[in-house]
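Here is how names work: the chains are called A, B, and so on, in the same order as the sequence lines, proteins then strands, and each is numbered from 1.
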There are 2 protein chains.
Amino acid sequence: MFTERHHHHVPTARERVRTEITAEITDAARRQLAEVGAAALSLRAVARELGMASSALYRYFPSRDELLTRLIIDGYDALGATAETADDPTAAPRERWLAVCRAVRAWALAHPHEYALLYGSPVPGYSAPQDTVPSASRVGVVLGRVLGDAARAGALPEAGGGALPEAGGGDDPRVVTPEAVAILGGEHPALDDAVRVRALLAWSSVYGTISFELFGHLVGSVADGDRYFDRAMTELARMMGL
Amino acid sequence: MFTERHHHHVPTARERVRTEITAEITDAARRQLAEVGAAALSLRAVARELGMASSALYRYFPSRDELLTRLIIDGYDALGATAETADDPTAAPRERWLAVCRAVRAWALAHPHEYALLYGSPVPGYSAPQDTVPSASRVGVVLGRVLGDAARAGALPEAGGGALPEAGGGDDPRVVTPEAVAILGGEHPALDDAVRVRALLAWSSVYGTISFELFGHLVGSVADGDRYFDRAMTELARMMGL
DNA sequence: CGACGTCCGAGAGCGGTGCTCTCGGTGTGG
DNA sequence: CCACACCGAGAGCACCGCTCTCGGACGTCG
């Protein structure tokens with residue numbers, strides 16, 4: 001490709017204008033994404049808005065899916081950043097939990113199309129490349145840290161209250177992979193597989209609640225979205241023992 | 001439109017072949033939906049498969065969105081029917097809960113593209129018409145009935161265990177609309193607003209768990225999808241007091 | 001029976017899309 | 001200073017949803 005004679009070199013004028021134009025493209029694409037949604041995001045329309053030929057865009061993004069991938073990663077990072085800044089590690093567990101949940105929902109309501117791009121149905125032939133994983137896991141990490149800190153502090157009582165018999169058999173191997181264990185805060189005596197399953201379930205519940213609201217699946221069932229969300233997340237925290 | 005001289009009249013040969021061709025179109029569309037997904041569902045490809053001109057399809061469906069609406073309603077009905085047949089009202093609450101959850105997930109795994117069409121990001125300019133609501137609410141009704149029966153039988157202890165202070169103020173108006181109350185089984189002394197919020201939250205959690213799995217958001221975090229789902233739904237039932 | 005009206009399929013066509021290729025100009029590094 | 005890499009523009013391909021028109025087939029009614 002290009003010669004990289006030292007570990008990092010001063011960007012030439014060519015490279016500078018290239019990254020600049022790339023940023024303009026992603027900005028225009030993000031604007032159009034916010035307006036018409038991901039499915040209707042047209043590469044030609046982006047080119048029109050920028051006043052260049054559609055074929056010129058392919059010098060910067062080899063395909064429309066690559067441009068979408070860029071937007072996806074940026075979206076994950078934006079959402080993850082808001083979740084991280086919303087978490088005050090010195091607050092009480094339930095307040096931390098509620099604050100992060102509210103922040104995630106607020107971001108989703110402010111960027112509905114981006115949220116749909118991140119968490120809605122995957123686009124037809126498109127499969128998320130591996131480099132989206134770090135950005136995608138950020139908000140899950142935040143929620144996992146909140147629950148993990150609470151568990152280490154003695155909250156989140158053991159799950160096996162009812163001593164429910166495992167239906168599939170006697171053995172009880174772990175279902176949470178070691179990678180996820182590392183992401184969720186590593187090993188700790190107070191963190192067993194059941195607690196981690198509960199953390200995954202909690203994140204799934206938050207995601208389900210926000211998506212239900214955003215995708216219109218409880219339009220006739222809930223009067224006040226804000227208050228319902230607070231009530232539901234409080235109830236979820238209470239049920240988890242937070 | 002057509003003369004309806006009596007309450008229902010014998011279908012003419014024209015009408016018979018029309019409904020027949022309509023069924024062939026929806027069948028072919030469903031096949032293509034299962035193969036390539038909703039976003040890539042091409043009206044022209046459906047016409048090709050049926051050996052007719054693409055313009056002829058517009059005699060039966062005025063637009064692609066109308067065809068999608070037909071598929072959406074059919075999908076909701078299919079999923080709702082499996083959920084209803086999976087519920088055995090004589091079984092124990094937790095078994096009923098688990099059976100319905102497993103049935104919903106099994107249908108979703110068997111028809112991923114249809115599930116994505118129902119519960120994924122809404123298509124760009126498309127807004128679900130009102131006549132999808134009855135079919136769409138069927139599975140929620142089933143889950144609501146399971147929880148409602150349990151509550152009426154004395155399970156689902158009152159939510160206010162911690163006597164958590166309402167952050168927004170003293171008053172506590174209902175957030176669940178009367179329509180949803182009617183759908184979820186009507187009024188009952190054991191069913192207050194908190195229980196109904198919990199039912200909505202439960203359905204959201206089930207949806208979130210299935211969607212997370214189906215949309216690939218926990219590919220690296222869960223080893224065995226079946227066992228994780230059972231564990232998570234059991235944990236959810238236990239947390240709800242089921 | 002025949003005429004009429006209604007329905008329906010086919011074809012052409014419009015504007016849109018993603019994507020490819022080629023060509024000519026321009027800036028940059030050797 | 002020159003060659004080479006880069007880049008923008010245009011034409012073009014195949015596909016898409018959708019519209020219009022036309023001709024044929026059907027059924028109904030005079």
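OP1 or OP2 of C:dT28 has not a single side-chain nitrogen or oxygen of A:Thr12 nearer than 4.0 Å. Phosphate proximity of D:dG8 to A:Tyr60: present, with a side-chain N or O under 4.0 Å from OP1 or OP2. For D:dC18, the OP1/OP2 oxygens have no side-chain nitrogen or oxygen of B:Ser54 closer than 4.0 Å. Between B:Ser55 and the phosphate of D:dC20, there is no side-chain N or O to OP1/OP2 separation shorter than 4.0 Å. Between A:Arg48 and C:dT17 there is a side-chain polar atom (N or O) within less than 4.0 angstrom of OP1 or OP2. Phosphate proximity of C:dC8 to B:Arg18: present, with a side-chain N or O under 4.0 Å from OP1 or OP2.
For A:Tyr228 and A:Thr209, the side-chain atoms include no donor-acceptor pair closer than 3.5 Å.
In the interface, the side chain of A:Arg44 is not paired with the base of C:dG16 through any donor and acceptor atom under 3.5 Å apart. You won't find any donor-acceptor pair under 3.5 Å spanning the side chain of A:Arg64 and the base of C:dT17, going by distance alone.
Mapping B:Arg14 and B:Ala45 onto DNA chain D via the closest heavy atom, the residue that lands nearer the 5' end is B:Ala45.
Within 4.0 Å (heavy atoms only), B:Leu41 reaches sugar-phosphate atoms of the nucleic acid but no base atom. B:Leu67 comes within 4.0 angstrom of nothing in the nucleic acid, heavy atoms only. Residue B:Ile21 is classed as a sugar-phosphate contact, given heavy-atom separations below 4.0 Å to backbone atoms only. Across all strands, B:Ser63 comes closer than 4.0 Å only to sugar-phosphate atoms, never to a base (heavy-atom distances). Using a 4.0 Å heavy-atom cutoff across all strands shown, A:Phe61 reaches no nucleic acid atom at all.
To the nearest 0.5 Å, atoms CZ (A:Arg198) and CE (A:Met240) are separated by 8.0 Å. Atom-to-atom distance recorded for B:Asp226:CG and B:Glu213:CD is 7.5 Å, nearest 0.5 angstrom. Separating the CZ atom in A:Arg105 from the CG atom in A:Leu214 is a distance of 9.0 Å, to the nearest 0.5 Å.
The CG-C1' distance, from A:Leu68 to C:dC19, rounds to 15 Å in whole Å. Note: OH (A:Tyr58) to P (C:dT17) measures 11 Å, nearest angstrom. Distance, A:Glu20 CD to D:dG8 P: 12 Å, rounded to whole Å. Remark: P of D:dG10 and CG of A:Leu57 are 14 Å apart, rounded to the nearest angstrom. Following rounding to the nearest Å, A:Glu15 (CD) and D:dC7 (P) show an atom-to-atom distance of 10 Å. Atom pair A:Glu24:CD and D:dG8:C1' shows a separation of 14 Å (rounding to whole Å applied). Per the geometry, CG belonging to B:Leu43 stands 7 Å off P belonging to D:dC18, to the nearest Å. We find that CD of B:Gln32 is positioned 14 Å from C1' of D:dG17, with the value rounded to whole Å.
For A:Thr82 against A:Ala103, the heavy-atom pair with the smallest separation is O-CB, 4.2 Å.
Ranking C:dC8, C:dG18, D:dC7 by closeness to the A:Arg59 side chain, first place goes to D:dC7.
With B:Tyr119 as the partner, the ring-ring contact (aromatic ring centres under 6.0 Å, His included) test is satisfied by one option alone out of B:Phe212, B:Tyr76, B:Phe215: B:Tyr76.
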